[in-house]
Amino acid sequence: MPELPEVRTVSRALNEAVKDRVISNVKVFREKTIVGTSPKKLILAVGDAKIERVTNIGKWIVYLLDNDKVLLSHLRMTGKYYYYKDKQKPTKHTHVVFDFKDGSQLHFEDYRGFGTLELKDKKDYLDVKPLSKLAEEPQNMNYIHFWDKLQKSRRAIKTLILDQTIVLGFGNIYVDETLWELRIHPETPGNQISQKQAKDILKFGTYIMDWSTSLGGSTVSTYSSINNIEGSFSQYLKIFRKDGKPCPRCKSTIVKTKVNGRGTHTCPECQVKFPI
DNA sequence: GACGCTGTTCTATT
DNA sequence: GAATAGAACAGCGT
């Protein structure tokens, strides 16, 4: 489901909803959702804690608590949050419920069950997995450093951009949009990307993901922010899930292929295949 | 009904 | 190590 713009949207909405609320209890309905510790220990560690702030690092949601703990949450494909003023019944796919002292609740739901919550120590959560190896978001990434990483690999540029240790925040939608905009074929080997192209990938990635964030992200099939609020950026997508339709630039028919197992949308005219 | 797809990332295997 | 295939899972479209 969500990429950087969508996770930013969710984390901002969460911050609005639960900042300064005090957790009184946590109910875990699906143990596998809690990673790295037992539900019992999680409840012990966050009970009575106040949520100081909710933010995000790439696609990870970060809850900063007023004790020595941090809660990390990843939505993966279909994780969703719901905030309720009153107690609500969990549904079939409600995996975790936070009770707050004021009687309100935060529900975490995920019908596919890939989404996670994990507890970390505030003192070193940036230096241990899963956040430790992440790269910078494109607006903060040095393009020479980025280009250096690309040079070291013959893997497809699309695969490299999706690697969160190379650049942070791109997912399948925004990588296809960015490569189409820059007329780069997704299978171009990393070591054939020029410095200028590397710079442009970061520049356009920053631009499109900031723009999308300002519209609440892209609701393509199931994504929505908390309480089912949809994003409206999908109307501006040029190529993602447009296979069979004309390219907005040259009117050639957009094709869909697979690159390293990921569905990939390409204009066969605009995005010229690299010379072998 | 079966099969192949889905906005992600981690693990195992080569 | 680097690169790939498969796995985690439920639902939807063909």
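Proteins come first, then strands; the chains are lettered A, B, ... in the order of their sequence lines, and each starts at number 1.
- Residues A:Lys101 and A:Asp48 are paired through a salt bridge, judged by an N-O separation under 4.0 Å between the basic side chain and the carboxylate.
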Using a cutoff of under 3.5 Å, can you pull out all pairs of nitrogen or oxygen atoms linking the protein to nucleotides 10-14 of chain C, with atom names and distances?
{"from": "C:dA10", "atom 1": "O4'", "to": "A:Tyr111", "atom 2": "O", "distance (Å)": "3.2"}
{"from": "C:dG11", "atom 1": "OP1", "to": "A:Lys92", "atom 2": "NZ", "distance (Å)": "3.4"}
{"from": "C:dG11", "atom 1": "OP1", "to": "A:His93", "atom 2": "NE2", "distance (Å)": "3.1"}

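- Salt bridge absent: A:Lys120 and A:Asp127 never bring a charged side-chain N and a carboxylate O closer than 4.0 Å.
- Regarding contacts with the backbone of C:dA3, every side-chain N or O of A:Arg154 stays at 4.0 angstrom or more from both OP1 and OP2.
- Among the heavy atoms of the strands lying under 4.0 Å from A:Asn260 are primed sugar atoms or P, OP1, OP2 only; no base atom is included.
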Quick tally for nucleotides 9-14 of chain B: nucleotides whose base has a protein heavy atom under 4.0 Å get B, sugar-phosphate-only ones S, the rest -, giving BS----
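- Checked against side-chain contact (heavy atoms from CB on, under 4.5 Å), A:Leu215 has the following partners two or more places apart in sequence or in another chain: A:Trp211, A:Ser232, A:Phe233, A:Tyr236.
- In terms of modelled atom types and a separation under 3.5 Å, the side chain of A:Lys245 and the main chain of A:Lys238 share no donor-acceptor contact.
- Residue-level contact check: A:Lys256 touches the backbone only, with heavy atoms under 4.0 Å from sugar-phosphate atoms and none from bases.
- The separation between A:Glu187 atom CD and C:dA3 atom C1' is 15 Å, rounded to whole Å.
- B:dT11 and C:dC9 have their P atoms separated by 15 Å, with the value rounded to a whole Å.
- If you run ring pair (Phe, Tyr, Trp, His ring centres under 6.0 Å) between A:His107 and each of A:Tyr84, A:Phe98, A:Tyr82, A:Tyr81, only A:Tyr84 comes through.
- Distance alone, capped at 3.5 Å, places no donor-acceptor pair between the A:Glu109 side chain and the A:Thr91 backbone.
- Between A:Lys27 and A:Asp99 there is a salt bridge, with a side-chain nitrogen of the basic residue lying less than 4.0 Å from a carboxylate oxygen of the acidic one.
- If you check every strand for non-hydrogen atoms under 4.0 Å, A:Ser153 touches sugar and phosphate atoms only.
- To the nearest angstrom, P of C:dG6 lies 16 Å from CZ of A:Phe114.
- Taking the P atom of each, C:dA5 and B:dC5 are spaced 14 Å apart, rounded to whole Å.
- In secondary-structure terms, DNA chain B builds stems of at least 3 consecutive Watson-Crick or G-U pairs, each pair having both distances under 3.5 Å, at B:2-6 with C:10-14, B:8-14 with C:2-8.
- Of the residues in residues 208-216 of chain A, not one comes within less than 4.0 Å of DNA chain C through any heavy atom.
- Note on A:Asp176 versus A:Lys158: salt bridge recorded, some NZ/NE/NH1/NH2 to OD/OE distance being below 4.0 Å.
- Counting non-hydrogen atoms under 4.0 angstrom, A:Gly263 reaches the backbone sugars and phosphates but no base.
- Look at CG on A:Leu168: it is 12 Å from P on B:dT8, rounded to the nearest Å.
- Across A:Leu75, A:Leu134, A:Val7, A:Thr55, a single residue satisfies side-chain contact (heavy atoms from CB on, under 4.5 Å) together with A:Trp60, and that is A:Leu134.
- Taking a 4.0 Å limit (strictly below) on heavy-atom distances, residues 226-249 of chain A reaches DNA chain B at A:Phe240, A:Arg241.
- Between the A:Gln192 side chain and the A:Pro189 main chain, no donor and acceptor come within less than 3.5 Å of each other.
- Between A:Asp110 and A:Lys80 there is no salt bridge, since no side-chain N of the basic residue sits under 4.0 Å from a carboxylate O of the acidic one.
- Remark: A:Glu16 CD is loosely packed, at most 12 non-hydrogen atoms of other residues, nucleotides or ligands lying under 6.0 Å away.
- Distance CG (A:Asp110) to C1' (B:dT6): 13 Å, rounded to an integer number of Å.
- At least one donor-acceptor pair closer than 3.5 Å links the side chain of A:Glu3 to the backbone N or O of A:Asn172.
- A:Leu150 is listed as a side-chain neighbour of A:Ile166, based on a closest heavy-atom distance under 4.5 Å.
- Between the NZ atom of A:Lys258 and the P atom of C:dA5 there is a distance of 11 Å, given to the nearest Å.
- Residues A:Asp148 and A:Lys152 are not paired through a salt bridge, judged by the lack of any N-O separation under 4.0 Å between the basic side chain and the carboxylate.
- One finds the OG atom of A:Ser11 at 14.5 Å from the NZ atom of A:Lys59 (value rounded to the nearest 0.5 Å).
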